[in-house]
Structures are given as structure tokens and as C-alpha cells.
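Let me begin by presenting the structure, written as C-alpha cells, before commenting on it.
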Amino acid sequence: MTQNSKWRTWWTSRLPIIIIWQNYASQYLVPKNLNLYYCFGVLALVVLGNQLVSGLWLSFFYTPTIQAAFQSIETLMRDVEYGWLLRYMHSTGASTFFLIIYFHIFRGLLYGSYQKPRELVWILGMLLFVILFMEGFCGYLLPWGQLSYWGAQVITSLFGVIPYIGDQLVTVIRGDYMVGQATLQRFYALHIIAMPALLVLFSFLHIVALHHVGSSNPDGIDIQTPADKIPFYPYFVIKDILAILIFLLIFFTIVFFFPDMGGYFLEPANAEPADPLVTPLHITPLWYMAPFYCILRAIPNKNLGIIFMFLAIIILFFLPWLDRSPVRSMRYKGVLSRIGLVGMVGSFISLGYLGMQDVSPLKQGLAQVATFVYFAYFLLMPIYTKFEICLPLPKRITR
Ligand code: HEM
């Protein structure tokens with residue numbers, strides 16, 4: 001036995017790193033036709049890593065008190081060496097995280113990745129989406145700017161409509177009757193400890209579940225022929241590395257040259273310190289929350305609006321059971337599914353745009369139409385996927 005293999009045996013019998021590497025990379029087989037849409041999961045992991053590292057560094061300089069929070073960020077930006085870089089990496093990371101996740105979810109809709117046997121991969125992904133939302137919401141309060149304060153005031157008050165326990169729940173979330181020191185402190189704890197821990201844990205479970213059932217592919221057919229599969233490492237890793245490099249190029253172009261992205265990634269109104277006595281004229285949500293906020297605003301009855309806003313997310317959990325199509329991928333689904341997906345994506349983008357605008361009767365009407373189209377896509381899915389005519393599936397994956 002050589003020195004090298006002795007060391008290997010010693011190590012593997014105590015900590016099976018090499019076996020994990022084999023199971024998850026070098027001997028893990030993936031369909032050979034995976035396209036660039038299948039790189040968004042890895043990109044999400046890269047951004048998660050960026051958020052954890054830049055966030056840790058930010059926490060060295062941030063002070064979680066209502067007197068000092070705003071100032072501590074100003075000091076970080078102006079006086080701490082490379083403090084601006086850390087902050088922009090974190091704020092750009094937050095927006096790109098959502099962008100990547102929206103593409104990742106879109107891939108799922110396009111190729112039916114949620115269908116049997118990947119229902120749990122999908123549900124764990126949706127849980128990650130909800131946790132990511134909460135992480136973003138808690139983080140947005142921390143700079144203690146005008147929008148941080150008033151945004152938190154509006155969103156926390158929504159829980160007040162829950163019958164019987166609503167008022168107490170709002171007080172528990174805020175830690176006080178008003179958004180204040182107690183709120184900032186608990187949102188800080190949630191943002192830097194609880195939510196990141198949950199994101200890491202659920203990402204781990206998401207990937208374990210995926211590797212147990214295997215990746216789907218753009219054709220959405222089960223692969224029978226071994227020749228149609230390739231080892232994840234090195235063949236797909238090369239593709240992932242290319243996607244990561246392109247992503248980093250775009251990411252750092254934004255960080256260095258357009259960190260606020262015209263007010264979408266960092267809003268100018270939040271550069272003013274929070275003032276509980278002055279309500280800003282326009283309280284606009286961040287772009288990634290805007291579609292859901294727009295659904296809330298589109299419905300005239302406040303309580304119904306809140307219910308529909310939450311339903312817009314909850315309905316996605318049920319997708320594996322709403323889709324009755326015999327095929328997975330949009331390549332072979334019928335015309336109704338295709339029109340439906342285009343309509344739903346269009347309505348979601350419109351809701352995002354309208355959610356960041358001031359209200360007017362015309363925009364209100366458009367938001368109502370978009371809300372209707374969004375829900376119709378999901379609620380009518382069991383009917384049109386069951387009866388539409390699909391294209392014949394190929395025997396083997398095509399390209
Ligand atoms: C922190 C957030 C997330 C991370 C880090 C993550 C990571 C990953 C990774 C690394 C993969 C394998 C590569 C790929 O297929 O792209 C994957 C696959 C998958 N993810 Fe996610 N994901 C996240 C959120 C989500 C969300 C929100 C959903 C949607 C509900 C989702 C649904 C799926 C599905 C269905 C697959 C399997 C795709 C297939 O084989 O067709 N993920 N994810």
C-alpha cells in the first residue's frame with residue numbers, strides 16, 4: 001500500500017469526505033442536455049456565500065440601536081476602509097439573490113421540475129423562498145432609514161387583521177406597541193442568526209433531496225440510457241464555472257459602477273434617517289417584493305388584499321398537484337400551458353412595475369387584471385393541463 005492510499009484509508013474510515021465528493025460530484029450522473037437554466041441553483045449558492053461573508057463583515061461595524069444604526073452605516077461607507085465595497089456587495093447581493101431565484105423558479109415552471117418525483121425538492125425550495133423573503137424584510141429595517149422604518153410599520157401592521165390574535169401578534173413581532181428599539185434588535189438577531197441558519201439548513205436539505213431523485217432535464221423525460229448521462233464533475237462543473245464567471249462580471253460591474261441601479265437596489269428615500277413623526281409621501285417596496293405588495297393594493301378590501309397577497313405565494317407550494325399534464329416540459333405541453341405561462345410571467349412583471357408606482361384609477365384597474373391573470377394561471381391549471389393536446393415525447397433526450 002502506497003503512502004497516499006494509506007492516508008486515504010485512514011482519513012475515509014474516520015471522515016467520509018471522499019465518499020461525499022464521489023456521491024455528490026465525481027460519480028453523480030446528470031443528464032447531458034442540461035442547459036444554462038440549470039446553473040441558477042449554483043449561482044444561488046454563490047450569492048448565499050457572498051451574503052454570509054459580507055454580512056459577517058458588516059456586522060463588525062453595525063450598531064443595532066435606533067440612535068446609532070443609521071450613523072454606523074454612514075461611518076462604514078465613509079470612514080471604514082473598503083466599507084463601501086462590503087455594503088454594496090451585500091445590497092447588490094440581496095437584489096441579485098432574488099433575481100436568480102426568480103429565474104430558478106421560472107426554470108422549474110418551464111421544464112416542470114416540480115412534478116413527480118421532485119415534489120419535495122420544490123417544497124423545500126418554496127420554504128427557502130419564504131425564508132429569503134423574511135431575511136430580506138428583516139435586513140431592510142437595519143439601516144434605520146425612512147423607508148426601513150415606514151416599510152416595517154406597514155408590513156408588521158398587516159398581521160393585525162388576523163382575527164382574535166392579530167393585535168397581540170403585531171406586538172410580539174414588533175416587541176413593542178410601535179416599531180422601535182425592540183423591533184430593531186429582534187430583526188437584527190433574526191437577520192444575522194436565525195434566517196441565515198435556516199437558509200443554510202434548507203439549502204442543504206434541498207440539494208440532498210435533489211440528489212436522491214436526480215436532476216430533471218429540458219425534455220422532462222426519465223433517462224433510461226446510461227449514454228445520456230455524464231458525471232457532474234468535471235463536465236457540468238465546467239458549465240457552472242462559466243456561469244459563475246459571467247455572473248461575477250455582471251455583479252461587480254453593478255457593485256463598482258451602478259450600486260443603486262437607478263434606485264431599485266438602494267432607494268434614495270432610505271438615505272434619510274428614520275423619523276417616526278414624518279410619513280414619507282410615497283412608501284414603495286423594494287422591487288422584489290413589489291408584485292406581492294401590488295396584489296395587496298389592487299384589492300379594495302384590505303383584509304381580502306392581505307389574504308390574496310399571502311395566497312399568491314402559498315399557491316406555488318401546490319404546483320406539483322395542480323399540474324395534471326402527462327408531460328413535464330413546456331417543449332411538449334399544449335398551447336394553453338404555453339400561453340398561460342407567458343401570461344403569468346407578464347402579469348407578475350406588470351405587478352412588480354405597478355407596485356412601485358403611485359396609485360391611480362387606471363393603474364389600479366391594470367393591477368386588478370394582472371392579479372386575475374396571475375391567479376387564473378394556477379387555479380385553472382388542473383383543467384387545461386388535463387385536457388390540452390400535448391406533443392409526443394421523444395424516446396431519448398434530444399439536445
Ligand atoms: C437559497 C435558495 C436556493 C438555493 C441555494 C437552491 C439551490 C439549488 C441547486 C444547487 C440546485 C441544483 C442545480 C439546478 O438545478 O439549478 C437546485 C435545484 C432545484 N431547485 Fe433550488 N435553490 C434555491 C431555491 C429554490 C426555490 C425558491 C425553488 C422553487 C420553489 C427551487 C426549486 C428547485 C427545483 C425544483 C430544483 C430541481 C431542478 C431539476 O432538477 O429540474 N429552489 N436548487
Side-chain angles (χ1 to χ4, degrees), residues 24-25 28-52 55 93-136 139 195-223 229-230 232-233 235-244 247 288 292 312-323 327-331 344 348 378 397:
Y24 275 77
Y28 176 67
L29 300 178
V30 291
K32 67 178 182 187
N33 64 339
L34 298 188
N35 57 24
L36 275 180
Y37 269 122
Y38 287 79
C39 296
F40 283 105
V42 164
L43 292 185
L45 285 179
V46 169
V47 185
L48 178 61
N50 171 69
Q51 293 309 88
L52 294 176
S95 273
T96 43
F97 208 156
F98 276 93
L99 202 60
I100 286 169
I101 289 301
Y102 282 136
F103 274 109
H104 191 59
I105 295 179
F106 176 69
R107 186 277 316 267
L109 298 175
L110 197 60
Y111 299 135
S113 305
Y114 48 80
Q115 281 191 19
K116 195 180 165 197
R118 294 178 192 83
E119 300 95 323
L120 262 188
V121 181
W122 178 260
I123 289 180
L124 288 164
M126 278 312 297
L127 286 171
L128 276 166
F129 183 57
V130 172
I131 300 166
L132 194 62
F133 241 100
M134 297 199 289
E135 176 71 340
M195 299 302 165
L198 288 177
L199 278 177
V200 172
L201 172 70
F202 278 91
S203 298
F204 174 73
L205 293 178
H206 186 59
I207 293 165
V208 171
L210 175 68
H211 279 232
H212 190 60
V213 290
S215 282
S216 76
N217 62 77
D219 278 323
I221 53 174
D222 294 328
I223 292 182
K229 289 190 173 184
I230 47 171
F232 179 71
Y233 175 83
Y235 300 105
F236 199 68
V237 169
I238 295 287
K239 211 167 188 168
D240 272 344
I241 289 175
L242 177 68
I244 292 171
F247 167 73
Y288 47 78
F292 302 102
I313 296 179
I314 294 171
I315 203 161
L316 280 161
F317 278 88
F318 294 95
L319 207 55
W321 297 277
L322 291 174
D323 188 345
V327 304
R328 293 195 185 106
S329 171
M330 221 26 101
R331 284 184 183 173
M344 191 280 286
F348 190 74
F378 294 106
I397 51 173

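Order of appearance sets the numbers: ligands from 1, and atoms from 1 within every ligand.
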Aromatic plane relationship, Phe133 with Phe292 - under 30° parallel, 30 to 60° tilted, over 60° perpendicular
perpendicular
Test your reading of the structure: does Asn217 have an N or O sitting under 3.5 Å from an N or O of ligand 1?
no
Set of residues satisfying salt bridge (charged side-chain N to carboxylate O under 4.0 Å, His left out) with respect to Asp323, sequence neighbours excluded:
Lys333
Of all the heavy-atom pairs spanning Leu48 and Ser203, show the shortest one and how long it is.
CD2-OG, 3.8 Å
Strictly under 2.8 Å of atom 21 (Fe) of ligand 1: which protein N/O/S atoms qualify?
His104 NE2, His206 NE2
Can a donor-acceptor pair be found, under 3.5 Å and without considering hydrogens, that links the side chain of Asp219 to the backbone of Ile221?
no
I would like to know whether Phe247 and Val47 meet side-chain contact (heavy atoms from CB on, under 4.5 Å); could you show each step before the answer?
CA-CA 10 Å; Phe247 167 73; Val47 185; 3.6 Å; yes
Trp122 N/O under 3.5 Å from ligand 1 N/O
no
I need the nearest protein heavy-atom contact for atom 13 (C) of ligand 1: residue, atom name and distance, please.
Tyr38 O, 3.8 Å
Per-atom contacts, ligand 1 versus Phe129 - under 4.0 Å to a heavy atom
27 (C)
Can you report which non-hydrogen protein atom sits closest to atom 2 (C) of ligand 1, along with the distance?
Ile101 CD1, 3.5 Å
Please report which non-hydrogen protein atom sits nearest to atom 35 (C) of ligand 1, along with the residue it belongs to and the distance in Å to one decimal place.
Ser113 CB, 3.7 Å
Heavy-atom side-chain contact between Leu319 and Met126 under 4.5 Å
no
Results of side chain to side chain donor-acceptor pair (under 3.5 Å) for Gln51 - residues two or more places apart only
none
Mind checking what makes side chain to side chain donor-acceptor pair (under 3.5 Å) contact with Ser113, not counting sequence neighbours?
none
Are there more than 12 heavy atoms of other residues, nucleotides or ligands under 6.0 Å from atom CZ of Phe318?
no
Going by the order shown, which atoms of ligand 1 are within less than 4.0 Å of some heavy atom of Ser215?
40 (O)
In terms of atom number and element, which parts of ligand 1 are under 4.0 angstrom from non-hydrogen atoms of Phe97?
1 (C)
Report the nearest protein non-hydrogen atom to atom 39 (C) of ligand 1: residue, atom name, distance rounded to 0.1 Å.
Ser216 OG, 3.4 Å
What atoms of ligand 1 come within less than 4.0 Å of a heavy atom belonging to Met126?
30 (C)
The single option from Tyr288, Phe40, Phe103 that satisfies ring pair (Phe, Tyr, Trp, His ring centres under 6.0 Å) with Phe98 is Tyr288
Option with minimal heavy-atom separation from atom 36 (C) of ligand 1, where the choices are Gln51, Arg118, Arg107
Arg107
Compare all side-chain heavy atoms of Leu132 with those of Phe202 and state whether any distance is below 4.5 angstrom.
no
